[in-house]
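Working notes, structure below.
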Amino acid sequence: MAISDAIIGWKTLPFGCHVMEPGNSAKFRTGDWRSQHPVTDREKCIKCGMCWIFCPDMAYSQTLEGYYEANMEYCKGCGICAHECPKDAITMVPEEG
Amino acid sequence: MAKRVGVEVSIAVADAVKLANADVIPAYPITPQTHIVEHLSDLVANGELDAEFVPVESEHAAMSCCCGSSAAGARTFTSSSSQGLSLMSEILYHPGPMRLPIVMVVANRALAAPISIWNDHQDIMVQRDIGWIQTFAENGQEAFDLTLHAFRVAEDRRVSLPMIVNIDGFTLSHVIEPIEILSQEEVDRFLPSFKPRVRLDVKKPVSMGPVGVPEVYTEAKMAHNEVLKASKKVVVQAWKEFADLFGREYHPVETYRVDDAEALLVTMGSISETAMTAVDAMRDKGEKVGLVRIRLWRPFPGPEFRKAVGKAQVLAVIDRCLPPGAVCGPVGEELRSLFYKVPGAPKIFSFVAGLGGRDVTVERFNEIVSKARAYAKKRPTENYEVIGVREQ
């Protein structure tokens, strides 16, 4: 039989193709198809948390010093944080390679 | 005890839904389904049926609402016809693979253009591949019985699939017939309460209807198709139990005077009763003609159909649907595929009749049978023929 790219068999697929495990989208690493990533200038950042609020992937979290950092495993590089930042502290930098 | 009463078929269908104690009924009225949802709305408003009647803004919303309520574990019913069923189309493909056992009665009606409110099967043939179980009723009693049967089959935990009962618009929906209405106690013996395998529950969260990436999609479609095919067993079992309880027998394929028949008419829905009258008249004249009626349309009961045909050499298949540009009508296509390269297979002739409310009379059935028998002697040039069409 030819090798299939299927990740699960039809007999083992969950009932109704439901996702039975809540919150498992955390396992879906969406950062690998990003074409740009946000870089925060901490000189300009006022720690207001707008980037954290607006990030549609909840990629941002707060550091011990109170700044916000995006987790590159989940950041899709959409640039919403940079657009919403009231201090223009966030720059979108193209991914290399 | 069951009571035999003279009642409009639509009202009897609504009463079946009441006896099934449906929880949620999202519906939008459309001719000729209107009396069904109108009566259900009355029953809910009068407090005779403890259900949520959702007067949605469109059929698209009706089916979306059905998916939500069924996912939440509510026994869900809706009804539609024609253009309304077409407006539902996008959502109709969801509950099958998602295993949501919604029950819908379709009062079959033609599709525009030209605008027609009258009966044929074009509305449901457009939705042939939505992946629901589908049955066809021939009379009012069957419309009532099959509606109860649909809840029982759809919600069976081995099945958990949506199900449509097709009843011919006007010919059935608006006719007053003597119908045996089962009592609540009798229905309760046949139909247990709905216990979904999975439901939306904040205490045990699940996600329903997620995206199917290429690595999963084929397997999801395969799983749905397999469970749909396997549902036939439960469809038949439930009919058997219904017969044991109430004495009325139903089968995936029904036959009428097929023994020793050389030619067979093949029908679906209410024209079958006229076809029986036609068969009786032809038999009286010594013609070896019988009738095969398809009651279970999806999943298609292939082995049962082959068995029903027996040794007959000519099949005259009637489609109440003209698919423009196709090889022939959908039922004709189905049967030609079923018998392709089967040794000793009958010759299959496809006829399109009864479009947009045109009656298919006993005379038309006679014409169809004699044409099929004549064509069997020399190969016809066309793949199908439209019956009773005026040229000039």
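Residue numbers begin at 1 in each chain, while the letters A, B, ... track the order of the sequences.
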Quick check on [X]: does its [atom1] atom have over 12 non-hydrogen neighbours (other residues, nucleotides or ligands) under 6.0 Å away?
X      : atom1 : value
A/E84  : CD    : yes
B/D50  : CG    : no
A/W10  : CH2   : yes
A/K47  : NZ    : yes
B/F136 : CZ    : yes
A/E65  : CD    : yes

* Please look at B/P97 and chain A and tell me whether the side chain, the backbone, both or neither of the residue comes under 4.5 angstrom of a heavy atom of that chain. => backbone

Can you name the nearest heavy-atom pair linking [X] to [Y], along with the distance?
X      : Y      : result
B/E219 : A/G9   : CG-C, 3.9 Å
A/M20  : B/V206 : SD-CG1, 3.7 Å
B/M98  : A/H18  : O-CE1, 3.3 Å
B/P210 : A/V19  : CG-CG2, 3.6 Å

* Please walk me through it: do A/L13 and B/M222 pass side-chain contact (heavy atoms from CB on, under 4.5 Å)? -> CA-CA 10 Å; A/L13 196 74; B/M222 177 80 176; over 6 Å; no

* Structure fact -> Among B/G212, B/G209, B/S207, the residue with the most heavy-atom pairs under 4.5 Å to chain A is B/S207

